[in-house]
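Here is the naming used below: chain letters follow the sequence lines, and residue numbers restart at 1 for every chain. Heavy-atom basis, side chains included; hydrogens, waters and symmetry copies ignored.
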Number of protein chains: 2
Amino acid sequence: MIQPRPRTIPEATVARLAVYLRVLSALADAGRSTVASGELAAAAGVNPAGLRKDLSHLGPCGVRGVGYEVPTLRDRISRVLGVERSRACVLVGIGNLGSALADYAGFGSRGFEFVGLFDAAEARIGQPIGGLTVRPIEELEDVVTATQASIGVITTPAEVAQSVCDRLAAAGVRSILNFAPVTLAAPEGVDVRKVDLSVELQVLAFVGQQRLVPAVGEPA
Amino acid sequence: MIQPRPRTIPEATVARLAVYLRVLSALADAGRSTVASGELAAAAGVNPAGLRKDLSHLGPCGVRGVGYEVPTLRDRISRVLGVERSRACVLVGIGNLGSALADYAGFGSRGFEFVGLFDAAEARIGQPIGGLTVRPIEELEDVVTATQASIGVITTPAEVAQSVCDRLAAAGVRSILNFAPVTLAAPEGVDVRKVDLSVELQVLAFVGQQRLVPAVGEPA
DNA sequence: AACCGCTTGTGAACGCAGGAACAAAGTCGC
DNA sequence: GCGACTTTGTTCCTGCGTTCACAAGCGGTT
């Protein structure tokens, strides 16, 4: 009575599955019926063997000698990632970045729906963005409770990010995506994922400069 | 005649160094003179031993029994990451996200300076953002050549991202940060780093839902 | 001057992700 | 109906990143 497929999928694999899903959707729209691991891997920018290993976490879903059936695989990944269920998200901090996210159409098709936009600045409140209206931060707890939102996105200045995080966690949000350049502390059971745009640039620049100076005394 | 310190610093370490730098700057502003690895690690959200190993790539820079001198360590990391030198960047695609990045003050203090904002839409051209004016995409090559920009940021729709990437690479850009939801192909010598916002959300949601179903028959 | 506590830096072990190679399996052609 | 080719799924292995644990070193104290 053992489950043949362990419930845990590595995080790195999950991230790639999301990429495969996007490629598969494009292929399906283009009318392709099947695709081999080599082609799919090339389109996703990964190694074919790694791709097959990623897909093996979903159980056998390809046909040997042929490849993968595009719509079937797409639906399978969608189901595993939980794309078909709609997830309620709230977004706090409607500055430039927050506005960009609220307006980004790509989230809706991935199962995410913003149900509340919040800001502390008077000037922002009432502003319509992406079909919603910016509300005062005071209403945060009420909306989270009423909508059962489980995901919160923080795009506030760094100074207030921790307090927003505390309020989100207290209101019942279980997952937080943080764009503010601070490391947040959250209670047990709430996990925080950080995206730091300036760190990304910094790493990019560093590997670029590192490549220009291969090694002293060993010019490859 | 071996170099005691290999020139290569792991990418994961570089990303964390950028975080330490931010924490150290805040500590320096607050007037702290020294800090121990434990406190610094807690503020950065990492393991103390890992932090010390990261710093060991810079050579010995702490005092045993005391800790790290805050301004000294900050300057050391700044020098390694190349923060003091100004790097010219161009940004293509001035939609919501592009505008947010162009306006973000955090880049300037990390050594990055936008020298050109480009868009294909007539309506955007001429619009002032963050001290610059949006220019037509046709001028991309001229500006990259004139400014010797080595970093390009792509925030265009997915459909045109590859062609923008090609043009950037051909114009001499060595590093590209891609926010468009496609996997880009670039020539040898040009490296591309991808930030996919919807993938981040997807991963966040998945680990959240995975945590709710720990394992069938073994409720931790 | 010697001791003691504190902290760094490093060496070793563990776990994990990534890549290559191989066997199983299904399809197409004859 | 049978053989050969193609492609998947899996296994092994190598390398890297992370964590734990300990020795070395410095400051403060008596």
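- When the P atom of D:dT8 is taken as reference, atom CZ of A:R76 falls 15 Å away, rounded to whole Å.
- Side chain of A:T34 to backbone of A:E69: no donor-acceptor contact under 3.5 angstrom is found.
- In this structure, the CG atom of A:L51 is 14 Å from the P atom of D:dT10, given to the nearest Å.
- The salt bridge (Lys or Arg N to Asp or Glu O under 4.0 Å) test with A:D196 singles out one residue from B:R110, B:R16, B:R22, and that residue is B:R22.
- Among the atoms of the strands shown, base atoms are found under 4.0 Å from some heavy atom of B:A49.
- Taking 4.0 Å as the cut-off between side-chain N and carboxylate O, B:E200 and A:R193 count as a salt-bridged pair.
- Between B:Y20 atom OH and C:dT8 atom C1' the separation is 15 Å, expressed in whole Å.
- Side-chain contact annotation: A:T13 with A:D54, donor-acceptor N/O pair under 3.5 Å present.
- Two residues, A:A12 and A:G65, neighbour DNA chain C, and the one matched to the more 5' nucleotide by heavy-atom proximity is A:A12.
- The side chain of A:N47 lies closest to C:dG19 when the candidates are C:dG9, C:dG19, C:dT7.
- Among the protein residues, A:G50 comes within range of no part of the nucleic acid, since none of its heavy atoms lies under 4.0 Å from any strand.
- If you take CD of B:E11 and P of C:dG18, they are 13 Å apart, rounded to a whole angstrom.
- Contact annotation: side chain of B:R64 to base of C:dT7, donor-acceptor pair absent below 3.5 Å.
- Remark: C1' of D:dT10 and CG of A:L58 are 15 Å apart, rounded to the nearest angstrom.
- Between A:S37 and D:dT8 there is a side-chain N or O to OP1 or OP2 distance below 4.0 Å.
- One donor-acceptor pair, N or O on each side, does fall under 3.5 Å between the base of C:dG19 and the side chain of A:K53.
- Between the CZ atom of A:R16 and the C1' atom of C:dG18 there is a distance of 8 Å, rounded to whole Å.
- Per the geometry, CD belonging to A:E39 stands 13 Å off C1' belonging to D:dT7, to the nearest Å.
- For B:Y68 and C:dG9, the shortest distance from a side-chain N or O to OP1 or OP2 is below 4.0 Å.
- Following rounding to the nearest Å, A:H57 (NE2) and C:dG18 (P) show an atom-to-atom distance of 11 Å.
- Between B:R52 and C:dG11 there is no side-chain N or O to OP1 or OP2 distance below 4.0 Å.
- Side-chain polar atoms of B:R174 and B:S150 form no donor-acceptor pair below 3.5 angstrom.
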